[in-house]
Amino acid sequence: MSNAPPPPFERCTVLGVPVDLVTEPEVLAAARGAVEHGKRAQIVTVNAEFVVMAQEKPTFLRALQDAAVATPDGAGVVWALRRRGIDIRRLGGSDLIWSLSEQAARLGHSVFFLGAAEGVAQEVAHRLSLRYPGLRVAGALAGTPREEDEEAIAARIHESGADILFVAYGAPEQDLWISRNLDHLGVSVAIGVGGSFDYVAGKARRAPPWMRDRGLDWLWRLVMQPWRWRRMLALPRFALLVLTARGGGIGQPEHYFD
Ligand code: UDP
């Protein structure tokens with residue numbers, strides 16, 4: 001059972017994985033509150049792949065349970081919730097990287113970009129600074145998700161004095177990295193954003209809006225990045241688990257009943 005305090009918004013679970021019924025303004029308000037009150041908050045963006053991985057990897061499940069905010073990301077999770085009458089919009093890292101940066105620029109909070117291939121984090125910092133003048137960039141670093149490198153990377157982030165950290169190592173590495181290190185980073189907010197650095201830096205293209213609106217991003221990614229096919233088998237597995245689970249796999253987190 002998680003020790004995390006109940007979040008200020010309604011939380012449910014999809015096959016045991018927490019998902020908050022949050023909107024983008026609520027996540028931004030939570031991030032702002034964490035920075036202004038010197039708290040620490042991990043944000044995770046839960047999609048169908050996360051849910052399937054968490055069934056097999058208890059450390060990942062635990063990290064997701066301990067997150068301050070778990071957004072519903074991806075068409076699969078939204079579908080599972082809608083089947084049970086919970087109507088929620090998806091909200092992932094590739095949206096939040098823009099809105100959190102916009103808010104940070106407006107409020108004077110500083111940001112750090114960690115992950116992706118060499119030079120990409122710097123390009124992300126450059127592009128977001130052009131888009132949001134006044135954005136305070138505390139640092140940008142490719143780094144690595146390897147455990148032997150994390151002490152040095154964590155020290156660099158701490159020295160930078162950043163308020164908000166974006167980590168792009170892909171799941172589950174990025175979310176486990178944040179979960180292990182959040183207490184020594186000095187940041188208030190940390191979020192794993194997957195392939196979003198590649199989108200912001202123009203290294204990869206997001207699915208066009210009409211495909212995203214129809215929940216077809218998976219098809220776009222399969223066409224653009226066919227080597228992902230094996231990973232994407234998580235999607236039919238997720239659907240099967242949801243269709244065969246009692247209550248459609250939707251529940252409430254245990255700590256609500258503490
Ligand atoms: N990545 C990295 N180091 C690694 C593995 C991945 O920096 O050891 C980066 C990779 O360059 C990409 C991101 O992590 O920018 C992961 O992207 P992916 O599309 O796999 O993530 P998803 O959005 O599916 O979680």
Side-chain angles (χ1 to χ4, degrees), residues 17 19 42-54 56-57 59-61 63-64 67 69-78 90-98 100-101 111-128 139-150 152-154 156-157 165-181 190-207 211-212 215-238:
V17 175
V19 175
Q42 175 168 5
I43 302 175
V44 294
T45 63
V46 177
N47 64 25
E49 272 185 61
F50 279 50
V51 174
V52 171
M53 280 190 274
E56 284 149 15
K57 202 168 167 57
T59 50
F60 187 44
L61 176 61
L64 299 176
V69 184
T71 71
D73 185 15
V77 165
V78 168
R90 57 199 289 191
L91 179 58
S94 33
D95 299 306
L96 286 167
I97 191 170
W98 296 98
L100 282 167
S101 297
V111 291
F112 196 111
F113 301 99
L114 174 67
E118 207 55 58
V120 173
Q122 286 83 353
E123 182 63 23
V124 168
H126 174 67
R127 290 195 179 198
L128 290 173
L141 180 69
T144 83
R146 286 197 298 265
E147 287 205 45
E148 61 267 32
D149 295 330
E150 71 186 41
I153 294 173
R156 277 197 51 183
I157 295 167
L165 171 67
F166 298 93
V167 184
Y169 287 149
E173 287 77 14
Q174 61 194 15
D175 308 282
L176 290 168
W177 195 96
I178 292 171
S179 171
R180 285 196 301 271
N181 291 288
I191 175 171
V193 294
S196 305
F197 284 14
D198 297 332
Y199 297 135
V200 175
K203 307 282 177 207
R205 276 178 55 206
R206 265 184 101 176
M211 283 187 100
R212 297 209 299 265
L216 292 173
D217 326 34
W218 61 272
L219 183 59
W220 173 264
R221 288 196 93 169
L222 191 59
V223 171
M224 302 303 275
Q225 304 172 327
W227 60 89
R228 298 173 69 99
W229 71 270
R230 195 182 287 277
R231 256 183 74 177
M232 291 180 69
L233 292 179
L235 302 179
R237 281 194 62 200
F238 173 80

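This is a predicted model, so every value here is computed, not measured. Atoms within each ligand, like the ligands themselves, are counted from 1 in listed order. Residue numbers start at 1 and run along the sequence shown. Side chains are part of it too, since the values below use all heavy atoms of this structure and drop only hydrogens, waters and symmetry mates.
- Heavy-atom neighbours of Glu118 CD from other residues, nucleotides or ligands within 6.0 Å: at or below the threshold of 12.
- A pairwise comparison of heavy atoms in Phe50 and Val46 identifies CD2-CA, 4.0 Å as the closest pair.
- With sequence neighbours left out, the salt bridge (Lys or Arg N to Asp or Glu O under 4.0 Å) criterion links Arg146 to Glu148, Asp149.
- In this structure the side chain of Met232 reaches within 4.5 angstrom of the side chain of Trp218, judged on heavy atoms.
- Each of Gly115, Ala116, Ala117, Pro145, Ala168, Tyr169, Gly170, Ala171, Gly194, Gly195, Asp198, Arg221, Arg228, Arg231 has a non-hydrogen atom positioned under 4.0 Å from some atom of ligand 1.
- Salt-bridge formation is detected for the pair Arg90/Asp217: a Lys NZ or Arg NE/NH1/NH2 atom is positioned less than 4.0 Å from an Asp or Glu carboxylate oxygen.
- Looking at heavy atoms from C-beta onward, Phe166 lies in side-chain contact with Ser101 at the 4.5 angstrom threshold.
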